[in-house]
Each structure stands twice: as structure tokens, then as C-alpha cells.
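Step one of this worksheet: look at the structure below.
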Amino acid sequence: MASRILTTSLIAMAVAVAVSAADTMTGLLTERARSLQAYRVGNPLSAPVATLGSGDGIVVSWDLLGDEHEELRYNITHCDARWRPSGLTDSEILASGFNDARVEAWDYSAATTVPYVHYTITLPDEQMSPQLSGNYLLRVYPENEPDSTVLQCRFMLTEQTAPVSIEVTDRTDVDYRDAHQQLTVTVDTERAEVDDIFNDLIVVTGQNGRLDNETALSRPLRVSGRTAVFAHTPELIFEAGNEYRRFETVTENYPGMGVADVNYYRPYYHYTLEVDSPRDEVPYSYDRTQAGAWLPRRAGASDSDTEADYGVVHFALEMPEMPGAMVFIDGDFVQRRFDANSQMQFNHATGVYERAMLLKQGAYNYRYLVVPPGARRGYTSVVEGDHYETDNRYRVRVYHRRRGERYDRLIGVGEI
């Protein structure tokens with residue numbers, strides 16, 4: 001059965017596209033890897049950020065399709081504020097252990113039509129204990145093929161010595177209660193040992209976990225004592241966007257939220273989502289979502305990590321073709337990547353943008369982003385619309401490199 005699953009033409013269409021190991025973005029680098037999650041211990045909807053030395057930890061979990069367990073190993077690389085390898089040695093990064101550990105937590109799927117093995121890593125553990133704050137990239141690889149990569153995943157350890165305060169307003173420098181939101185970020189460096197507040201900080205701001213519109217600032221608007229204030233700069237003005245769309249594939253017995261139809265065509269269940277349409281000219285409507293997150297979930301399961309099945313989910317967006325522009329699905333389940341797996345394709349026969357993906361049963365948030373010709377980032381305005389009322393999640397990370405050190409400390413993380 002496993003071999004049939006891996007060779008079907010449908011899988012070839014729906015699999016996550018392998019990404020280059022030269023980049024440092026979170027991604028799946030083999031077509032069998034699925035359902036990657038990274039979060040702080042105890043909160044599956046959180047970002048993979050833990051406080052160094054606090055007892056917090058990071059969980060990274062994923063599935064490998066197939067019915068056989070594979071011996072996997074992992075290592076970590078420390079990165080600077082821009083996610084480039086820092087060049088530190090293993091002895092500098094780790095308080096204990098070796099930078100080559102075995103993935104010991106795994107379990108077989110239970111009574112699913114698509115067999116898989118579920119793997120979990122929790123850091124720090126007895127095998128590996130990072131001792132520096134900052135950005136990290138975890139790499140998982142087969143034990144007998146150390147030069148191959150199954151997946152790579154970003155996580156962060158923060159010192160929290162520089163408390164971060166964030167204010168959001170819809171009265172922005174570019175419009176008033178219209179299509180944007182603007183941030184003011186205050187960083188208290190009293191305990192962070194920052195010599196030159198004007199020049200030694202890097203403040204990175206992100207919206208809803210997206211990577212394409214992250215911004216970085218290095219000079220504050222003003223400094224008062226040991227407090228730096230970042231404000232009134234284009235880097236802190238964001239398109240407001242719209243609430244994420246939602247669907248649930250928690251059961252194969254009937255259509256869940258956002259699902260129009262469920263059918264079984266051997267060897268997969270197929271979940272056809274309700275056809276989406278543009279919301280750019282539709283009045284704003286509040287909907288409490290999780291900013292692009294997803295959770296594995298199967299109705300009646302005691303452990304959805306191993307009991308949730310896989311099915312093919314069919315997305316459809318009904319709107320005229322936009323020549324030259326690309327339409328992508330945005331959400332954690334596509335690792336926030338603009339690639340062939342997340343890109344919608346226009347079907348000239350139906351006049352609809354379409355994409356099919358093999359996804360684990362669960363609750364999902366998603367949204368459509370349009371990348372215009374020649375652009376390097378996505379925009380919500382074309383399909384979703386921009387509404388100042390939108391409930392966005394902003395996260396700010398503050399980095400500092402002390403004089404004589406060779407790495408960027410992560411001294412503060414704030415969220416609103």
C-alpha cells in the first residue's frame with residue numbers, strides 16, 4: 001500500500017515541492033514529508049520562540065508518508081538576525097551534548113487509509129541543549145544519508161532582557177482608518193548591556209507569521225535614557241489585509257466548515273472546498289481566526305497526531321485571470337513559502353484558480369496573496385482586500401551584537 005501511495009500521479013501533483021538546502025527558510029525537502037509544525041511547548045498555536053534558561057522548550061513535529069519507521073537524526077545551526085549562518089562552532093552553541101542527535105520520539109499512524117510515521121523533537125533535551133540566544137535552523141536527515149535533508153525548520157531562543165512594547169493604530173502616516181495599520185515599538189534596554197542604542201539594535205517586525213513582508217530597522221526615531229522608540233517610518237506601516245479564511249476536514253463522514261463535498265476515490269478521500277471569491281470590495285466582517293495557523297484534528301480521536309488521516313484538499317478561487325501575476329495560498333501549512341505547492345493555477349476551461357494538496361485532517365487558516373509581475377512580496381489588496389479593522393498578529397524581535405562577539409543575540413520578543 002505504501003508504494004502505491006508514493007507512486008500515484010495524484011501525489012506527484014499535490015506534494016510539497018522540494019526546496020534548496022542552501023536557503024534557511026523552514027521547508028520540506030522530500031516529497032514524503034508532511035504536516036510540519038513548530039511551536040513553544042504547551043501551545044501548538046504559538047510561534048517557535050522560547051526563553052533561554054526558563055524551562056521553555058520548542059517542539060518540532062512532522063510525518064513521513066509510508067508504513068516503515070526510518071532512523072533520522074538532526075543538528076542545529078546558529079544564524080544571525082538575517083538568518084545567515086553565524087559560523088559558530090558546536091562547542092560555542094551547545095551547553096552540553098553533540099550537534100548530531102537521534103530522533104527518538106516517533107509513532108505509527110493508527111487506522112488511517114494513508115499510512116505514515118509521526119516524529120517529534122523537543123529542544124532542549126538530554127541530547128542537545130543550546131546555550132546562546134538568537135536564531136536557529138534545525139535540520140533533519142536520514143541516519144544513513146547525512147548529506148540528504150528531510151526538512152529544515154526555524155526556531156528562536158530569546159533572553160528577554162529587553163522588554164518590547166507595541167502599539168498599533170489605524171491612524172497611519174499614509175491613510176486614516178482605511179487600508180493600513182501602523183506600529184510604534186518601544187524597547188527597554190536597561191538590562192541588555194547595549195552600548196550604542198542608536199546603532200547596535202536590529203528590530204525585525206512581522207505580521208501574522210508571514211516572511212515576505214517582514215521589515216528590519218536599525219535606528220530608532222528617538223532615545224530616552226535606555227529606552228529606544230521606533231515610530232513613524234515606512235517599515236512600521238503594514239497593509240491591514242483581511243481575516244483569514246477557514247476550513248475543517250475533521251471527518252470524512254460529512255463536509256465540515258468551508259467544505260462543499262467529501263468523496264472517496266481510491267486511495268484518497270477528497271475534500272472539495274467551497275469556491276472562494278475575491279473580498280476586496282466586500283465590507284469587512286470580523287471572524288476570530290488564528291493568523292494562518294493550523295492544527296491536526298480528527299473527530300473522535302484520542303490523539304490526532306497519529307489518528308488523523310490524509311486527504312486531498314481542493315482549493316478554488318473564482319476570479320478573472322491576472323496575466324503575469326501569481327496567486328499563492330498563505331498559511332503555516334505551506335510554510336509561508338511562495339513555491340509550486342502553494343501557487344494557484346488558472347484553469348482556462350473553468351475560469352477558476354485551482355490547487356490540490358494532500359493534507360492531514362484538521363482545522364486550517366488560509367488566505368490568498370497576489371505577487372504582481374516583478375514583485376518580491378505578496379499583497380492582500382487584490383483578492384482579500386485591506387481593512388483597518390482586521391485583527392492582525394504582530395511580532396517584534398530585537399537583536400543585539402555586543403562588541404567583540406560573533407553572533408546576534410535575541411534580547412527581546414514582543415507580540416500584540
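Starting from 1, each residue takes its place in the sequence as its number.
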Inset, instruction - Please name all residues satisfying side-chain contact (heavy atoms from CB on, under 4.5 Å) with E193, sequence neighbours left out, ordered by chain then number. - result: R402

Inset, instruction - Verify side chain to side chain donor-acceptor pair (under 3.5 Å) between E243 and S285, making sure each step is shown before the conclusion. - result: CA-CA 8 Å; E243 306 296 345; S285 176; over 6 Å; no

Legend entry - D63 and R34 ion-paired at < 4.0 Å: no

Report, one line per pair, each donor and acceptor closer than 3.5 Å where one atom sits in a side chain of residues 370-381; sequence neighbours left out.
unit_1, atom_1, unit_2, atom_2, d
R377, NH1, E239, OE1, 3.4
R377, NH2, E239, OE1, 2.9
T380, OG1, D386, OD1, 2.5

Inset, instruction - Find the distance between CD (E252) and OH (Y268) and round it off to the nearest 0.5 Å. - result: 15.5 Å

Inset, instruction - Supply the atom-to-atom distance S35 OG to D305 CG, rounded to the nearest 0.5 angstrom. - result: 9.5 Å

Inset, instruction - Answer yes or no: is there a side-chain heavy-atom contact under 4.5 Å between L183 and I416? - result: no

Inset, instruction - State whether Y244 and R367 meet the cation-pi test: NZ (Lys) or CZ (Arg) under 6.0 Å from the six-membered ring centroid, and within 45° of the perpendicular axis. - result: yes

Inset, instruction - May I ask you to decide if G241's main-chain N or O and T390's side chain share a donor-acceptor pair within less than 3.5 Å? - result: yes

Legend entry - Residues in salt bridge (charged side-chain N to carboxylate O under 4.0 Å, His left out) contact with D188, at least two apart in sequence or another chain: none

Legend entry - N/O donor-acceptor pair under 3.5 Å between S304 side chain and R298 backbone: yes

Inset, instruction - Answer yes or no: is there a donor N or O on one side and an acceptor on the other, between the side chain of R337 and the main chain of M25, under 3.5 Å? - result: yes

Legend entry - Residues which pass side-chain contact (heavy atoms from CB on, under 4.5 Å) with D195, listed by chain and number, not counting sequence neighbours: D200, R403

Legend entry - Minimum side-chain heavy-atom gap L358-L65 below 4.5 Å: yes

Inset, instruction - Give every residue pair that meets the ring pair (Phe, Tyr, Trp, His ring centres under 6.0 Å) criterion with at least one member in residues 89-116, sequence neighbours excluded. - result: H69-W106, W106-Y108, Y116-Y310

Legend entry - Non-hydrogen side-chain atoms of S61 and H118 separated by less than 4.5 Å: yes

Legend entry - Minimum side-chain heavy-atom gap T184-L236 below 4.5 Å: no

Inset, instruction - Check salt bridge (charged side-chain N to carboxylate O under 4.0 Å, His left out) between D80 and all other residues, then give those that pass, not counting sequence neighbours. - result: R84

Inset, instruction - Would you give the length of the straight line joining atom CD of Q207 to atom CD of Q181, rounded to the nearest 0.5 angstrom? - result: 7.0 Å

Legend entry - Heavy-atom side-chain proximity of R336 to D330 below 4.5 angstrom: yes

Legend entry - Main-chain N/O of R82 paired with Y399 side-chain donor or acceptor, under 3.5 Å: no

Legend entry - Gap between atom CH2 of W62 and atom OG1 of T30 - 0.5 Å precision: 12.5 Å

Inset, instruction - Output, in order, the C-alpha distance, side-chain angles, deciding distance and verdict of side chain to side chain donor-acceptor pair (under 3.5 Å) for N392 and N208. - result: CA-CA 6 Å; N392 290 303; N208 298 327; 2.8 Å; yes

Inset, instruction - Count the heavy atoms of every other residue, nucleotide or ligand shown that sit under 6.0 Å from CD of E321, and state whether that count exceeds 12. - result: yes

Legend entry - Any donor-acceptor pair under 3.5 Å from D408 side chain to A81 backbone: yes

Inset, instruction - Check whether any side-chain N or O of E384 sits under 3.5 Å from a backbone N or O of Y368 as a donor-acceptor pair, and report yes or no. - result: yes

Inset, instruction - Mark yes or no for whether D339, through its side chain, and S342, through its backbone, hold a donor-acceptor pair below 3.5 Å. - result: yes

Legend entry - Euclidean distance, W83 CH2 relative to T77 OG1, rounded to 0.5 Å: 11.0 Å

Inset, instruction - Assert yes or no for the condition that the ring centre distance of F238 to Y394 is strictly below 6.0 Å. - result: yes

Legend entry - Distance (rounded to the nearest 0.5 Å) between M322 CE and F346 CZ: 9.0 Å

Inset, instruction - Can you tell me which residue pairs pass the ring pair (Phe, Tyr, Trp, His ring centres under 6.0 Å) test with a partner in residues 321-340, sequence neighbours excluded? - result: F328-F338, F333-Y364

Legend entry - Partners meeting salt bridge (charged side-chain N to carboxylate O under 4.0 Å, His left out) with E167 (sequence neighbours left out): none

Legend entry - Q361 and Y271: CA distance, side-chain angles, deciding distance, side chain to side chain donor-acceptor pair (under 3.5 Å) verdict: CA-CA 10 Å; Q361 285 180 306; Y271 300 85; 3.1 Å; yes

Legend entry - Heavy-atom side-chain proximity of V185 to L217 below 4.5 angstrom: no

Inset, instruction - Dump the intermediate steps for side chain to side chain donor-acceptor pair (under 3.5 Å) on S133 and E159, then the final yes or no. - result: CA-CA 6 Å; S133 69; E159 299 174 10; 2.8 Å; yes

Inset, instruction - Would you please name every residue forming a salt bridge (charged side-chain N to carboxylate O under 4.0 Å, His left out) with E214, sequence neighbours left out? - result: R397

Legend entry - Partners passing side-chain hydrogen bond (donor to acceptor under 3.5 Å, both in side chains) against T169 (at least two apart in sequence or in another chain): none

Legend entry - Heavy atoms of other groups near Y286 OH, more than 12 under 6.0 Å: yes

Legend entry - Student check: side-chain heavy atoms of N144 and E71 closer than 4.5 Å: no

Legend entry - salt bridge (charged side-chain N to carboxylate O under 4.0 Å, His left out) contacts touching residues 126-154 (sequence neighbours left out): R73-E143

Inset, instruction - Taking the side chain as every heavy atom from C-beta outward, state whether Y39 and S46 have any atom pair closer than 4.5 Å. - result: yes

Donor-acceptor pairs are to be reported for all side-chain atoms of residues 218-227 against protein atoms at under 3.5 Å, with residues two or more places apart or in another chain.
unit_1, atom_1, unit_2, atom_2, d
R219, NH1, N199, OD1, 2.6
R226, NH2, V194, O, 2.4

